[in-house]
Amino acid sequence: MSAVRNKLLVLNAGSSSLKYKLFQLGENSALKAVASGVCERIGDPAASFHRGKAGGGGEQKQEAPLPNHTAALEVVSKFLGDSFRGDFTEEVFGVGHRVVHGREISEPVLITDKVRATIEKAADLAPLHNPPNLMGIDAAKSTFASAPHVAVFDTAFHQTMPPEAFMYALPYELYVERAIRRYGFHGTSYKYLTQQAARMLGKPESETNLVICHLGAGSSMCAVKNGRSVDTTMGLTPLEGLMMGTRCGDIDPAIIPYLASHGMGMKEVDTLLNKKSGFLGLAGNADLRNHLEARFGPGSATADERSKLAVDVYVRRVRKYLGAYFMHLDGQVDAIVFSAGIGENSAPMRREFVRGMEFAGVKMDDAENARAAGGVQADVSAAGSKVKLLVIPTDEELSIAQQTLQVIREEKGTAAAA
Ligand code: ADP
């Protein structure tokens with residue numbers, strides 16, 4: 001009997017990790033997550049492992065030597081095969097890949113040789129992300145050879161930004177000849193969060209204005225007007241804007257030639273800005289959790305000054321863009337949305353971001369805010385707050401799955417019509 005091809009796999013390949021979520025297509029195009037997991041420490045076979053759960057079972061952890069992404073995908077396929085059926089790979093009718101940068105390609109697309117080449121070319125604009133994304137694509141294309149593979153780009157949601165938001169004040173030729181402009185990232189997250197926020201507000205997306213804060217190890221914000229991105233904090237690369245775990249965000253660009261004139265090579269500067277700055281650079285550790293106690297804990301009066309400083313720099317940057325985006329939206333903001341690791345989990349940080357914003361119609365319910373964490377949607381605004389404060393766990397994988405399904409269906413429609 002031939003396999004029922006009703007499963008869609010979403011892959012998000014990082015430099016040393018491979019996250020996945022498997023969806024089953026049900027009635028009315030509903031996509032139900034039936035398995036998820038991650039391979040970590042790929043490239044370090046002595047320490048690498050896989051964690052996954054499938055079909056309502058608990059999480060399983062397996063130590064597994066994973067020299068590369070192909071080996072990781074084999075472990076994932078075996079796990080899913082054992083959890084569902086042996087011919088599981090035949091049940092997968094499509095694979096959706098998160099790809100960070102697509103240069104001029106913004107819509108989700110079928111990964112042809114030409115599209116693959118564009119993703120490869122864009123690697124210089126997203127050096128931390130595009131090369132591992134390609135490793136994931138190559139590994140998956142050999143494992144799921146008969147399924148269509150679709151790339152969903154982090155930049156896509158921001159294609160609606162007006163020129164005054166995406167242009168740098170550089171010589172215009174750099175835009176024309178080298179496509180140097182602001183692209184923005186975390187687009188699949190913003191797309192999903194916009195849908196969910198509109199639903200929570202009971203409004204159509206096309207009439208919903210939001211300031212969305214996607215605050216994780218990588219952090220960015222987005223101004224959404226009538227359901228579409230009109231500005232975002234990241235730029236040509238995911239380095240611009242907010243301070244992050246290891247990235248500096250906005251700096252005076254003159255710092256770069258200054259460092260170069262003092263003997264630092266360009267590669268070194270690049271590593272400094274992308275991998276040694278942010279929380280790590282200011283306070284020695286990239287994870288906000290290690291600095292919260294110093295800033296908010298009972299012993300904060302005597303705690304590590306650098307941890308406190310790092311938290312305050314982070315908060316100030318978020319507040320600066322909150323102010324800017326309220327202006328972009330003419331003060332007509334339905335909700336501020338908090339998401340990703342910091343936005344979803346840290347009540348004291350959310351409190352700081354909106355402190356004193358009553359003048360703009362923003363009032364927080366501190367008890368609700370303190371309660372909101374752990375992967376559930378919450379409205380943490382006080383009664384009568386003109387602007388709602390929403391905590392929404394992001395689900396980039398579901399967003400990628402929905403977009404992948406749409407591309408596969410459109411391709412089938414085109415093929416049938418041809
Ligand atoms: P990314 O997807 O960009 O890798 P995540 O959205 O998973 O990042 O967020 C990870 C970050 O979220 C961690 O580095 C940590 O700083 C922060 N984080 C996670 N949980 C908490 C928490 N309970 N309190 C504060 N910060 C947290």
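Since the model is a prediction, treat every value here as computed from it, not as a measurement. Along the sequence shown, the residues carry numbers beginning at 1. We count ligands from 1, going down the list as the structure has it; atoms in each ligand are counted the same way.
Neither the backbone nor the side chain of Leu215 has any atom closer than 4.0 Å to an atom of ligand 1 (non-hydrogen atoms only).
Scanning all protein heavy atoms for the shortest distance to atom 23 (N) of ligand 1 gives Asn345 CB, 3.3 Å. Protein heavy atom in closest approach to atom 8 (O) of ligand 1: Ala217 N, 3.1 Å. The nearest heavy-atom contact from the protein to atom 17 (C) of ligand 1 is Ile342 CG1, 3.6 Å.
The shortest N/O to N/O separation between Gly341 and ligand 1 falls below 3.5 Å.
Around atom CZ of Arg351, more than 12 heavy atoms belonging to other residues, nucleotides or ligands sit under 6.0 Å away.
In this structure, atom 2 (O) of ligand 1 has no protein heavy-atom contact shorter than 4.0 Å.
The closest side-chain heavy-atom distance from Phe157 to His186 is not below 4.5 Å.
Side chains of Ser29 and Arg409: a donor-acceptor N/O pair is present below 3.5 angstrom, by distance only. Looking only at atom types and distance, the side chain of His214 has no donor-acceptor partner in the side chain of Ser220 under 3.5 Å away.
Among Asp287, Thr394, Thr246, Leu292, the residue whose heavy atom lies nearest to atom 25 (C) of ligand 1 is Leu292.
Near Ser346, with a cut-off below 4.0 Å to any heavy atom, the atoms of ligand 1 are 24 (N), 25 (C). With ligand atoms numbered from 1 in the order given, ligand 1 contributes 3 (O) to contacts under 4.0 Å with heavy atoms of Gly218. Distances below 4.0 Å separate heavy atoms of Ala340 from the following atoms of ligand 1: 6 (O). In summary, the atoms of ligand 1 found under 4.0 Å from a heavy atom of Leu288, numbered by their order in the structure, are 16 (O), 25 (C), 26 (N).
Atom CD in Glu268 sits 11.0 Å away from atom CG in Leu273 (nearest 0.5 Å).
Note that Arg317 lies outside the cation-pi zone of Tyr314, set by a 6.0 Å cut-off to the ring centre and a 45° limit from the axis.
Salt-bridge check for Asp312 with Arg316: failed, with every basic side-chain N at 4.0 Å or more from each acidic carboxylate O.
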